[in-house]
Amino acid sequence: MSEVKPRQGRAGIVLLSAAGVAVIERVRQGDRYHLLPGGGVKRGETLPDAARREAFEELGIEISVGGLLGVVEFDNALQHYFVAHWTSGVFGSGTGKEMSSPADSSRGSYRASWLPTDRLVAEDLRPRPIADALQAAPRIDQLVADWLAAPPHLVE
């Protein structure tokens, strides 16, 4: 039996500030959780281009994309996360179609927010391997530098 190879599925960002980590708060079917901003890669689009587009659609901001921070394998798809730097725009003004979805819809709601780094696990930030590492790091800047030097492949 041949091994199933993961497909390229998602480009996301890790945007850090004094307020914490930029996230998308999801409320769906009565559950509340958070995701790192990002989404699917369109045909012909590079991973960094997809990350920039998703940041604008979901957060309402323009970003510069730094290096690859890590790759998460989830549900047989690869999710590529990049360090992001906010360059312009108003945080929380994203106008992607998902951002207007109400909580009681089948898709649930989406809202840009910030999570303090000591609350990532308690607030159910996904992907969990990144949340665990960020929250446990004594110095997030050192973790980011280490991961940029050798991006980990994590499995969720």
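Hydrogens, waters and symmetry mates are skipped; everything else that's a heavy atom, side chains included, is used.
At least one side-chain heavy atom of Arg10 sits less than 4.5 Å from a side-chain heavy atom of Tyr81. Looking only at side-chain heavy atoms (C-beta outward), Trp114 and Ser17 come within less than 4.5 Å of each other. Residues Val83 and Val14 fail the side-chain proximity criterion, which asks for heavy atoms closer than 4.5 Å. Two residues are said to be in side-chain contact when any heavy atoms from C-beta on lie closer than 4.5 Å; Leu15 and Val21 fail this criterion. Residues Arg126 and Asp124 have side chains in contact (heavy-atom distance under 4.5 Å, counting atoms from C-beta outward). Counting heavy atoms from C-beta outward, Leu47 and Phe82 have side chains that approach closer than 4.5 Å. No side-chain heavy atom of Glu156 sits less than 4.5 Å from a side-chain heavy atom of Asp75.
Proximity of a side-chain donor or acceptor of Glu58 to a complementary backbone N or O of Gly38 within less than 3.5 Å is detected. Not a single donor-acceptor pair under 3.5 Å links the side chain of Ser101 to the backbone N or O of Glu98. Judged by distance alone, the side chain of Gln135 and the main-chain N or O of Val121 form a donor-acceptor pair under 3.5 Å. With hydrogens and angles disregarded, no donor-acceptor distance shorter than 3.5 Å links the side chain of His153 to the backbone of Glu73. Although no hydrogens or angles enter the test, the distance criterion places no donor-acceptor pair under 3.5 Å between the side chain of Glu62 and the main chain of Ser88.
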**OP:** Report the C-alpha distance between Leu36 and Leu125 in whole Å, list the side-chain angles of each, state the deciding distance to 0.1 Å, and finish with yes or no for side chain to side chain contact (heavy atoms under 4.5 Å, CB included).
**Re:** CA-CA 7 Å; Leu36 290 173; Leu125 176 62; 4.2 Å; yes
**OP:** Show your working on side chain to side chain contact (heavy atoms under 4.5 Å, CB included) between Leu148 and Leu69 and close with a plain yes or no.
**Re:** CA-CA 5 Å; Leu148 285 171; Leu69 192 63; 4.3 Å; yes
**OP:** Show the numbers, then the answer: is there a side chain to side chain contact (heavy atoms under 4.5 Å, CB included) between Leu68 and His80?
**Re:** CA-CA 7 Å; Leu68 178 65; His80 298 77; 4.0 Å; yes
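The two residues Gly12 and Ala51 make their nearest non-hydrogen contact at O-CB, 4.2 Å. The minimum heavy-atom distance between Ile63 and Trp86, with the atom names listed, is CG2-CA, 4.3 Å. Of all heavy-atom pairs spanning Ala50 and Gly40, the tightest one is CB-O, 4.2 Å. Ile24 and Ala112 get closest at one heavy-atom pair: CD1-CA, 4.1 Å. Contact record, Val41 with Arg53: CA-NH2, 4.5 Å, taken as the closest heavy-atom pair. The two residues Ala11 and Glu54 have their closest heavy-atom pair at O-CG, 4.5 Å.
Residues Met99 and Phe91 share a hydrophobic cluster, clusters being chains of Ile/Leu/Val/Met/Phe/Trp/Tyr side chains in contact below 4.5 Å. Both Val144 and Leu120 are assigned to one and the same hydrophobic cluster, defined by single-linkage of ILVMFWY side chains at heavy-atom distances under 4.5 Å. Hydrophobic clustering of Ile, Leu, Val, Met, Phe, Trp and Tyr side chains at less than 4.5 Å, counting indirect connections, unites Val65 with Ile61. Hydrophobic clustering (ILVMFWY, side-chain heavy atoms < 4.5 Å, transitive): Leu78 and Ile130 are in distinct clusters.
Salt bridge absent: Asp31 and Arg28 never bring a charged side-chain N and a carboxylate O closer than 4.0 Å.
Alongside Tyr33, the hydrophobic cluster contains Leu35 (criterion: ILVMFWY side chains under 4.5 Å).
Atom CD1 in Ile140 sits 4.0 Å away from atom OG1 in Thr117 (nearest 0.5 Å).
Pairs of residues two or more places apart, or lying in two chains, that qualify as salt bridge (Lys or Arg N to Asp or Glu O under 4.0 Å) and include a residue from residues 15-27 are Glu25-Arg32, Glu25-Arg111.
Heavy atoms of other residues, nucleotides or ligands lying less than 6.0 angstrom from CZ of Phe56 number 12 at most.
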